[in-house]
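Position 1 is the first residue of the sequence; numbering continues from there. Just so it is clear, the model here is predicted, and its values are computed rather than measured. In what follows, every heavy atom counts, from backbone to side chain, and hydrogens, waters and symmetry copies are set aside.
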Amino acid sequence: MRTFIAKHYKTGLKLTFKYDLNGLLRVLEYEGDWDSTKIEKVTGNITSTTEGMLEKIKNQDLKSSWIFAELSDISFANFYKTYPRKVGPKELTEKSWNKLGNVDKMEAILFIPELIKLKSDGTAFPYPAAYLNKKYWK
């Protein structure tokens, strides 16, 4: 299965959706305070096929408050490779990683580019274990 995530940065609403090996939508999981109006609005942007979703992600409006992304590799190795500041015991970071659920793992990786922008003013990056434990992406 291929997994995608949509997150609304103002409200914190999250939607996880999965496509089967044939590229057809099979699972929708809602997290947060959803109502029927919000569900109708966001699900109108989700296509029934993987190809359609990839095209929507490619052409999404970056100014939109909804961010859609695919994240297939939620391994610790991918997180650690992506995180810009590798300080502190790696084993402690991996232990923190293993405590997270899959949605949090996806969000942690997806937020790293935003964290890099936020820290471009010269403020210090959190240790990777602290980033995970304190869930900086939320």
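- Counting all heavy atoms, side chain and backbone alike, Met106 lies closest to Thr3 at CE-CG2, 3.6 Å.
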Could you go through the side-chain contact (heavy atoms from CB on, under 4.5 Å) check for Leu54 and Arg2 one step at a time? CA-CA 11 Å; Leu54 291 171; Arg2 292 179 78 170; 3.7 Å; yes
After noting the C-alpha distance and the side-chain angles of Asp104 and Lys99, does the key distance pass the salt bridge (Lys or Arg N to Asp or Glu O under 4.0 Å) rule? CA-CA 10 Å; Asp104 279 336; Lys99 290 179 184 177; over 6 Å; no
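- A distance of 11.5 Å separates NZ in Lys134 from OG in Ser96, rounded to the nearest 0.5 Å.
- Among pairs with a residue in residues 45-59, none fulfils salt bridge (Lys or Arg N to Asp or Glu O under 4.0 Å), at least two apart in sequence or across chains.
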Go through it in stages, so that I can follow the logic: the residues are Glu94 and Glu91, the test is side-chain contact (heavy atoms from CB on, under 4.5 Å), and I'd like the CA-CA distance, side-chain angles, deciding distance and then a yes or no. CA-CA 5 Å; Glu94 188 167 12; Glu91 298 79 23; 5.7 Å; no
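- Inter-residue side-chain proximity for Thr49 and Met53 is flagged as unmet; no heavy-atom pair is nearer than 4.5 Å.
- Residues passing the salt bridge (charged side-chain N to carboxylate O under 4.0 Å, His left out) test with Glu31, sequence neighbours excluded: Lys14.
- Using a 4.5 Å heavy-atom cutoff, the side chains of Phe125 and Ile116 are in contact.
- Taking 4.5 Å as the limit, every side-chain heavy atom of Leu24 sits out of range of all side-chain heavy atoms of Ser48.
- Side-chain contact check for Lys38 versus Lys41: every heavy-atom pair is 4.5 Å or farther apart.
- Looking at every heavy atom in both residues, Thr93 comes nearest to Leu132 through O-CD1, 3.6 Å.
- Side-chain N or O atoms of Tyr136 include none that pairs as donor or acceptor with a backbone N or O of Pro126 at under 3.5 Å.
- Annotation: the span from Thr37 atom OG1 to Glu40 atom CD amounts to 6.5 Å, rounded to 0.5 Å.
- The shortest heavy-atom contact between Leu92 and Ala129 is CG-CB, 4.2 Å.
- Taking every heavy atom of both residues into account, Val87 and Pro128 meet most closely at O-CD, 3.3 Å.
- Between Ile109 and Ser75 the shortest heavy-atom distance is CD1-O, 4.5 Å.
- If you take OG1 on Thr82 and CD1 on Ile112, they are separated by 5.0 Å, rounding to the nearest 0.5 Å.
- For the atom pair Leu100 CG and Glu107 CD, the distance stands at 10.0 Å (nearest 0.5 Å).
- Side-chain atoms of Leu15 and Ile46, non-hydrogen and from C-beta on, do get closer than 4.5 Å to each other.
- Between Asp33 and Leu13, the closest heavy-atom pair is N-CD2, 3.3 Å.
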For Leu25 and Phe17, what are the C-alpha separation, side-chain angles and deciding distance, and is it a side-chain contact (heavy atoms from CB on, under 4.5 Å)? CA-CA 7 Å; Leu25 181 63; Phe17 42 106; 3.9 Å; yes
Apply side-chain contact (heavy atoms from CB on, under 4.5 Å) to the pair Phe4 and Tyr19, showing each step before the final yes or no. CA-CA 8 Å; Phe4 294 80; Tyr19 294 86; 3.4 Å; yes
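- The distance from the CE atom of Met1 to the CG atom of Asn22 is 10.0 Å, given to the nearest 0.5 Å.
- Two different hydrophobic clusters hold Tyr127 and Leu115 under the rule that ILVMFWY side chains link at heavy-atom gaps under 4.5 Å.
- In this structure, Lys105 and Phe79 have side chains that are not in contact, with every pair of non-hydrogen atoms separated by 4.5 Å or more.
- Using the six-membered ring where Trp is involved, Tyr30 and Trp34 have ring planes that are perpendicular, over 60° apart on the 30 and 60° scheme.
- You'll find the ring centres of Trp137 and Tyr131 inside the 6.0 Å limit.
- Under a 3.5 Å cut-off, the side chain of Lys86 and the backbone N or O of Tyr83 do form a donor-acceptor pair.
- Side-chain contact between Thr11 and His8 is present, with at least one heavy-atom pair separated by less than 4.5 Å.
- Here the straight-line distance linking atom CG of Asp35 with atom CD1 of Ile39 works out to 7.0 Å at 0.5 Å rounding.
- Annotation: side chain of Lys95 is not in contact with side chain of Phe76 (no heavy-atom distance under 4.5 Å).
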